[in-house]
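Inspection log for the structure reproduced underneath, given as structure tokens.
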Amino acid sequence: MISKREYTRFIKSEAQQLGFLSCGISKAGFLEKEAPQLESWLKNGSHGEMAYMENHFDKRLDPTKLVDGAKSVISLTLNYYTDQVQMDPEAPKISQYAFGEDYHSVIKKKLNLLLEAIQEHIGEVNGRAFVDSAPVLDKAWAKKSGLGWIGKNSNLISKKTGSFFFLAEVIIDLDLEYDIAPTQDHCGTCTKCIDACPTEAIVAPYVVDGSRCISYLTIELKNELPTEFQGKMDNWMFGCDVCQDVCPWNKFSVLNTEPAFKAKKDLLGVSSAEWQEITQDTFSTLFKNSAVKRTKFSGLKRNIEFLKQ
Ligand code: B12
Ligand code: SF4
Ligand code: SF4
């Protein structure tokens, strides 16, 4: 009979072969410490208009309520760090996570391959793959599995590779060997992210008021941008990298090797003047299969206009 240890080794080695940066596994169950924190985050309205964050409170805190018979949460990270940059320093900025193909589809393919490999090798295993598609507290699970600590900017950080990576999970009904030693907090007395945030969205160490974050304002908010943020957007038109750019641990970021994350053709060469004139057609060509499509042409146009004011 094959042991839990061998199954665990198999899964971690498959994850590595699929290009994931790291993989850690935890026993599925109720996230006790996070429950009151999530509750107060929601009570404070930190989710702004992201109504989906209010849904499925119980499932979000307990994956056994989300996946039938769930026993293990396999957390995975996928690196997106790049040295590619937009050529015109005056051009409205796009977060580097959105230079290439939409990470949701890139990661979903890999997760499904991992799940298939598990089912082929181990047998009848029920499971589901998640990348932002369901109420799962990605960072809490990754932290529990020893993949890093949650920094004062509220991102998961690894001592070896910084924080420019995505998180995802496969949740299955199979017992595995668990990573039970969470990484220690290595923020120390540093406050660089809090000091640098252009909109003062990091309202306390480890707590981001989502409704003030440029990422929310430029991507999630569907209405007009509040005037209080005029002149504070640091020229970001899609997402924001500031609290990661200033983080000393990102000196250890390594370049991603995922071909799909290479910047889309022509995207980095668009000048400031050309962004002002962008049409629906150019938008559709530049951002085919890109995460930027989430904000739609009208949203990106709104953001560009707002930066000009
Ligand atoms: C909603 C959301 C957002 C919102 C809200 C941000 C947020 N911090 O939650 C907005 C739109 C603003 C956003 C922005 C970004 N996001 Co986002 N987002 C999510 C999403 C979908 C849910 C996160 C969530 O559950 N938030 C709820 C709150 C309650 O969680 P939290 O902030 O971690 O809150 C904890 C703390 O507040 C803490 N807490 C509360 N009080 C106290 C008190 C003390 C003393 C302590 C210690 C802690 C503490 O407890 C809470 C629960 O654990 C996840 C995907 C997922 N399914 O997890 C991606 C995710 C977190 N985002 C991600 C990314 C990459 C980003 C951006 C970098 C994108 C960009 N470049 O523009 C920015 C970063 C902004 C930032 N500094 O957080 C990645 C993070 C990867 C990583 N390395 O950590 C994720 C995991 C997506 C993914 N699949 O990879 N995001
Ligand atoms: S992503 Fe930008 S706006 Fe949001 S918390 Fe970080 S620095 Fe602030
Ligand atoms: S900038 Fe400093 S305080 Fe912020 S997450 Fe990085 S190490 Fe922690």
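Indexing begins at 1, ligand by ligand and atom by atom, following the structure's order.
Checked by atom type, the side-chain pair Ser46/Asn44 shows no donor-acceptor distance below 3.5 Å. Side-chain N/O atoms of Tyr103 and Asp132 include a donor and acceptor closer than 3.5 Å. Side-chain contact of Asp102 with Ser105: a donor-acceptor pair under 3.5 Å is absent, judged by distance alone. Defined by atom type and a distance below 3.5 Å, a donor-acceptor pair is present between the side-chain atoms of Asp241 and Ser95. For the residue pair Ser75/Glu169, the side-chain donor-acceptor check at 3.5 Å is not satisfied.
Taking a cutoff of 4.0 Å between a charged side-chain nitrogen and a carboxylate oxygen, Arg212 and Glu228 qualify as a salt bridge. No salt bridge links Arg302 with Glu305; every basic N to acidic carboxylate O contact stays at or beyond 4.0 Å. Salt bridge annotation for Arg294-Glu220: present, with a cationic side-chain nitrogen under 4.0 angstrom from a carboxylate oxygen.
Among protein heavy atoms, atom 74 (C) of ligand 1 sits closest to Asn155 OD1, 4.0 Å. Residue, atom and distance of the protein heavy atom nearest to atom 75 (C) of ligand 1 are Cys213 SG, 3.8 Å. Counting protein heavy atoms only, atom 3 (S) of ligand 2 is closest to Ile214 N, 3.2 Å. For atom 4 (Fe) of ligand 2, the closest heavy atom belonging to the protein is Cys213 SG, 2.4 Å. Summary of contacts: the protein heavy atom closest to atom 53 (O) of ligand 1 is Glu34 CG, 3.4 Å. For atom 31 (P) of ligand 1, the nearest protein heavy atom (residue, atom name, distance) is Lys139 NZ, 3.7 Å. Among protein heavy atoms, atom 87 (C) of ligand 1 sits closest to Asp132 OD1, 3.6 Å. In this structure, atom 2 (Fe) of ligand 2 lies nearest to the protein heavy atom Cys240 SG, 2.3 Å. Regarding atom 41 (N) of ligand 1, its nearest protein heavy-atom neighbour is Val207 CG2, 3.5 Å. What sits closest to atom 8 (N) of ligand 1 on the protein, heavy atoms only, is Ser154 OG, 3.1 Å. Taking atom 77 (N) of ligand 1 as the reference point, the nearest protein heavy-atom neighbour is Asn153 O, 2.8 Å. The protein heavy atom nearest to atom 6 (Fe) of ligand 2 is Cys243 SG, 2.4 Å.
Residues Ile194, Ile202 make up the rest of the hydrophobic cluster containing Val208, defined by ILVMFWY side-chain heavy atoms closer than 4.5 Å, directly or through other members. Annotation for Ile157: hydrophobic cluster partners, listed by chain and number, are Trp149, Trp249, Phe252 (ILVMFWY side-chain heavy atoms under 4.5 Å, direct or chained).
Using a non-hydrogen distance threshold of 4.0 Å, Pro198 registers as a contact of ligand 2. Not a single heavy atom of Ile194 sits less than 4.0 Å from an atom of ligand 3. Not a single heavy atom of Ala168 lies less than 4.0 angstrom from ligand 1. Ligand 1 has at least one atom lying under 4.0 Å from a heavy atom of Cys240.
Protein atoms of type N/O/S that fall under 2.8 Å from atom 2 (Fe) of ligand 3 number 1 in this view.
Taking a distance limit of 4.0 Å, we find that atom 17 (Co) of ligand 1 is approached by no protein heavy atom. Atom 61 (C) of ligand 1 is approached by the protein to below 4.0 angstrom, counting heavy atoms only.
Coordination check, Cys197 versus atom 8 (Fe) of ligand 2: passed, since an N/O/S atom of the residue sits under 2.8 Å.
Shown are Phe166, Phe261, Phe165; of these, the ring pair (Phe, Tyr, Trp, His ring centres under 6.0 Å) with Tyr80 is made only by Phe166. The salt bridge (charged side-chain N to carboxylate O under 4.0 Å, His left out) test with Glu177 singles out one residue from Arg5, Lys4, Lys12, and that residue is Arg5.
Aromatic ring centres of Tyr97 and Tyr81: separated by at least 6.0 Å.
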task: Walk me through it: do Asn79 and Glu258 pass the test side chain to side chain donor-acceptor pair (under 3.5 Å)?
output: CA-CA 8 Å; Asn79 186 15; Glu258 172 56 57; over 6 Å; no

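Contacts of Ile157 with ligand 3, taken as heavy-atom pairs under 4.0 Å, involve the side chain alone. Proximity of Phe165 to ligand 1, defined as any heavy-atom pair under 4.0 Å, is shared by backbone and side chain alike.
For ligand 2, the atoms closer than 4.0 angstrom to any heavy atom of Thr199 are 3 (S). The Ser163 neighbourhood of ligand 1 comprises atoms 83 (N), with distances under 4.0 Å to a heavy atom of that residue.
Nearest heavy atom pair, residue Leu300 against residue Met237, reads CD1-O, 3.7 Å.
The 12-atom threshold is exceeded at CD of Gln309, counting heavy atoms of other residues, nucleotides or ligands nearer than 6.0 Å.
Under the salt bridge (Lys or Arg N to Asp or Glu O under 4.0 Å) criterion, Lys93 pairs with Asp234, sequence neighbours left out.
Neither Val85 nor Leu267 shares a network with the other; the hydrophobic side chains, linked directly or stepwise wherever heavy atoms of I, L, V, M, F, W or Y lie under 4.5 Å apart, form separate groups for each.
With Ser215, Gly48, Gly210, Ser95 as candidates, the residue nearest to atom 72 (O) of ligand 1 on a non-hydrogen basis is Ser215.
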